[in-house]
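Here the structure comes first, spelled out in structure tokens, and everything after it is commentary.
Labels below follow one simple rule: chain letters A, B, ... track the order of the sequence lines, proteins then strands, and each chain is numbered from 1.
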There are 2 protein chains.
Amino acid sequence: MTYDVDHTQAFAAELLALDSGALGEADRIQIQSLILDYTGVAFGGTSRPWIVALHRWADRYRGPGPARIVASDIMATAEIVAFVNGAAGHSFELDDTHDASLSHPGAVVIPAALAVAAETAASGRDVMAAVAAGYEAMARIGIASRAERLIATGFHPTAVLGVFGAAATVGKLLGLDADGISCAWGHALSLSAGSMQFSQEVTGAEVKRLHAGYAARNGVLAAQMALAGIDAPLRSLDGKYGFLALYGDDPMPAELNKMGPNGLAIHDISIKPYACCRLLHSMIDGLRTTTNNFSATSEQIASITVRGPRKLVEQHMVRRPKTPMAAQYSLPYTVGATLAYGPERFDAFETANLSDARILAWADRVEVEADEALEASYPVHFGTEVEVAFHNGERRTELVLDSVGTPANPMDIERLRLKARALVGDRLSDAEFHTLLREIQSFPTSVDVSGLQKAFAR
Amino acid sequence: MTYDVDHTQAFAAELLALDSGALGEADRIQIQSLILDYTGVAFGGTSRPWIVALHRWADRYRGPGPARIVASDIMATAEIVAFVNGAAGHSFELDDTHDASLSHPGAVVIPAALAVAAETAASGRDVMAAVAAGYEAMARIGIASRAERLIATGFHPTAVLGVFGAAATVGKLLGLDADGISCAWGHALSLSAGSMQFSQEVTGAEVKRLHAGYAARNGVLAAQMALAGIDAPLRSLDGKYGFLALYGDDPMPAELNKMGPNGLAIHDISIKPYACCRLLHSMIDGLRTTTNNFSATSEQIASITVRGPRKLVEQHMVRRPKTPMAAQYSLPYTVGATLAYGPERFDAFETANLSDARILAWADRVEVEADEALEASYPVHFGTEVEVAFHNGERRTELVLDSVGTPANPMDIERLRLKARALVGDRLSDAEFHTLLREIQSFPTSVDVSGLQKAFAR
């Protein structure tokens, strides 16, 4: 399955040409939003036990810097920092999503970029171009390999695509040429792994958080190996034993060389307002309307029926989840958490609340139905219809195709700031948080990323 | 494809029980031979340009030790040392082979064990038990996943099996229990990668050397993550999306729980006297007999016909290899190198000699034929028949089923020492080399591995 056209080489050349001059005002604003969102989620992620453990692990690599681990006093080499900060960014089920590739680019690409940029003293503009290239790589390789089949086979898209995204991002920051980006991808191919087995077991699901970190780290390593002059195969994507052949299922290599309909993939990103699976977001927006902004009481409501893609019925109906991640994937629990706590109380999914009687009482009143029309429009839209039946006989129905945070219905900048502020919590004072915001705002004119690195420090 | 019996858990428990008390005298002697062989090959490997580049790369991780990078003055954390020393051990096409799993365990398991043992101050006996467990993991997972199909799909066995081997080895040294070993394997599953794309391109094949390093390193990381208490799936081998399902082809999970016919897999290892593909070794032994110990001249010989498994015809007949690795896989080139230089001049495969007219003139006189009987006995035997036709009309034929260095025809200890001495070359003085030998000899009574670590230093 090697193709006549060298799609790998053509894609590498295109990403190399994607420099800061190629980014328009809308691109820059979007990338700043993505960096802000990543930063908030990563700060929030540092409260999770596995990130606390990773901070302890990283302590042995402590050095003079300049790359910093978020919300810690640890400075270390880029590879270590990318690992821990990548895992932190994927730890709250609140990181951004590229729907068509079923992957989370921000949690992989941005920490890899910031860690390496700290070492190379790259300008803010160069970092933005490198980040855009990383999103592009994950998006297009995901589409070309048919992400929905990849995940059905059992490979985790964020993990197996992420290492290529991070390698492209870092390769640009290290000054590799197009052959160098291809070589970095050749090393990435030797490091592209991540199974969906976490979805099959009662415990152990938290390894998913590390998949973003493993990908970020291995992408940094892959680009460093290319820079060190260690050769690797150049047709790592469309070669006989390249990524598409090994991990894909009837892949579409020509998609590697096609820009998306909205231009750069950074414009096809959904940002999550709610700390649960992306597929449940339109349901929450539907609940908002049908329950008067979540104010209806359990005395008023008789039942809640949710209609949507078949996947809701098949994979999201665990009524008594045992771990935070299982809760974040449970439709009934998420309905209960939303009505009991409101949609933006991220702590509703914490272990301590998994047996909250109020949440579980709501959860028991939820039914789900597959809807053929919504199935047909998925995954272009992650749509849901919510029908609430009140004890007084009233019924209210709301259909939401594009939830808040999707490209069709984006969150405004103020809402993004509020989300980040809530996630950063007491890890930064108000003054420190404003310094962080200012550093991200000034990114297009920053001579380097040292200001943002300092804002990471504890 | 999750099986009723939890084969993963049963295998982890068996490897945990494999302690130094379970090793007999023959086991200990074999493990010492394997460590000696690894050490010589790794010292030799440090002369290759990619290992020189890796030494430079590792410089940023320089710390107070105690683990050391072979033939350098760099001390670093176990993960970094395992990476560089693993790649060095896989850099000369002279490292040991477990035939049934088509993998090279020594270059992965031993550097991971020695690097971590330096940090944990493990005894020589504990290191030997951990090494035996690592070989066992690579061997059995390779057999259960049908290594010959794994490689045909395009995954590189040393790479994708190695991370499980190193994780088992390191897990034992870090004191994990059986659930801990399973958890380390859960992380290993998220890090198990390595494609055969290197075999498809003119350049880039050297990434293969790094596959042993990537596996060693990621095995160390996987065990450290388990020790840090970060959960991962426990059925990483035979779960629905476990290793056998994702990478295998009609796998045989019950083989995970079966000891081999010769006992521990360490006794199914071939050690290479010659710096070329294992499949070409019996041919060299056949040439020895038919050419009076390689003394026949080009004036005397008209033609050389080699008969063997079909793979020789299909994958080993490049007559003008362009890189050292391609030469090491070329049957005609290897015949020429052997007759022009002798079989143990490892430099015959160096870039500078690839256009040597004497080698190429011999190569042009070589023909190959598939032999159905030898095909049928492969891979139990990597057998070859060599027929030499002399200008005086004489014909000599030699059939070799088990070449020197295979379990059926092992190298004696003196020959192992000579091989190591030749590979270590001028990187150690005679006195230093004898110190190294003594450290390996005293391993069964060593309280820790610090002596061997010091013998690595430059």
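Note on A:Leu54, A:Leu221, A:Val160: by heavy-atom pairs under 4.5 Å with chain B, the leading option is A:Leu221. Per-residue counts of heavy-atom pairs under 4.5 Å with chain A were compared for B:Met196, B:Glu79, B:Arg209; the largest is that of B:Glu79.
Heavy atoms of B:Ala159 lying under 4.5 Å from chain A are absent altogether. Only the side chain of A:Ile230 comes within contact range of chain B, judged by heavy atoms closer than 4.5 Å. In this structure, the portions of A:Phe155 lying under 4.5 Å from any heavy atom of chain B include both its backbone and its side chain. Contacts between A:Ala152 and chain B at a heavy-atom distance below 4.5 Å involve the backbone alone (N, CA, C, O). In this structure, chain A has heavy atoms under 4.5 Å from both the backbone and the side chain of B:Trp50. Within the 4.5 angstrom heavy-atom criterion, only side-chain atoms of A:Thr77, from C-beta onward, approach chain B. Looking at B:Arg217, only its side chain comes within 4.5 Å of chain A, counting heavy atoms on both sides. B:Leu210 touches chain A through its side chain: at least one heavy atom from C-beta onward sits under 4.5 Å away, while N, CA, C and O do not.
Between the side chain of A:Glu201 and the backbone N or O of B:Leu234, at least one donor-acceptor pair lies under 3.5 Å.
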Task: From CA spacing to verdict: side-chain contact (heavy atoms from CB on, under 4.5 Å), A:Tyr61, B:Ile80 - done: CA-CA 11 Å; A:Tyr61 290 98; B:Ile80 303 299; 4.2 Å; yes

- [ ] Run the numbers on A:Leu246 and B:Thr153 for side-chain contact (heavy atoms from CB on, under 4.5 Å), then give the verdict.
- [x] CA-CA 7 Å; A:Leu246 278 183; B:Thr153 303; 4.2 Å; yes

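Counting heavy atoms from C-beta outward, B:Phe198 and A:Leu189 have side chains that stay 4.5 Å or more apart. Side-chain contact check for B:Pro233 versus A:Gln200: every heavy-atom pair is 4.5 Å or farther apart.
Atom CD of residue B:Gln224 and atom CZ of residue A:Arg60 lie 4.5 Å apart, to the nearest 0.5 angstrom. Atom CG of residue A:Asp231 and atom NZ of residue B:Lys208 lie 15.5 Å apart, to the nearest 0.5 angstrom. Atom OH of residue B:Tyr214 and atom CG of residue A:Asn218 lie 8.0 Å apart, to the nearest 0.5 angstrom.
Between the side chains of A:Tyr241 and B:His156, no donor-acceptor pair is found at a separation under 3.5 Å.
Closest of all the heavy-atom pairs between B:Ala228 and A:Ala53 is O-CB, 3.7 Å. Taking each heavy atom of B:Gln197 and A:Lys240 in turn, the nearest pair found is OE1-N, 3.3 Å.
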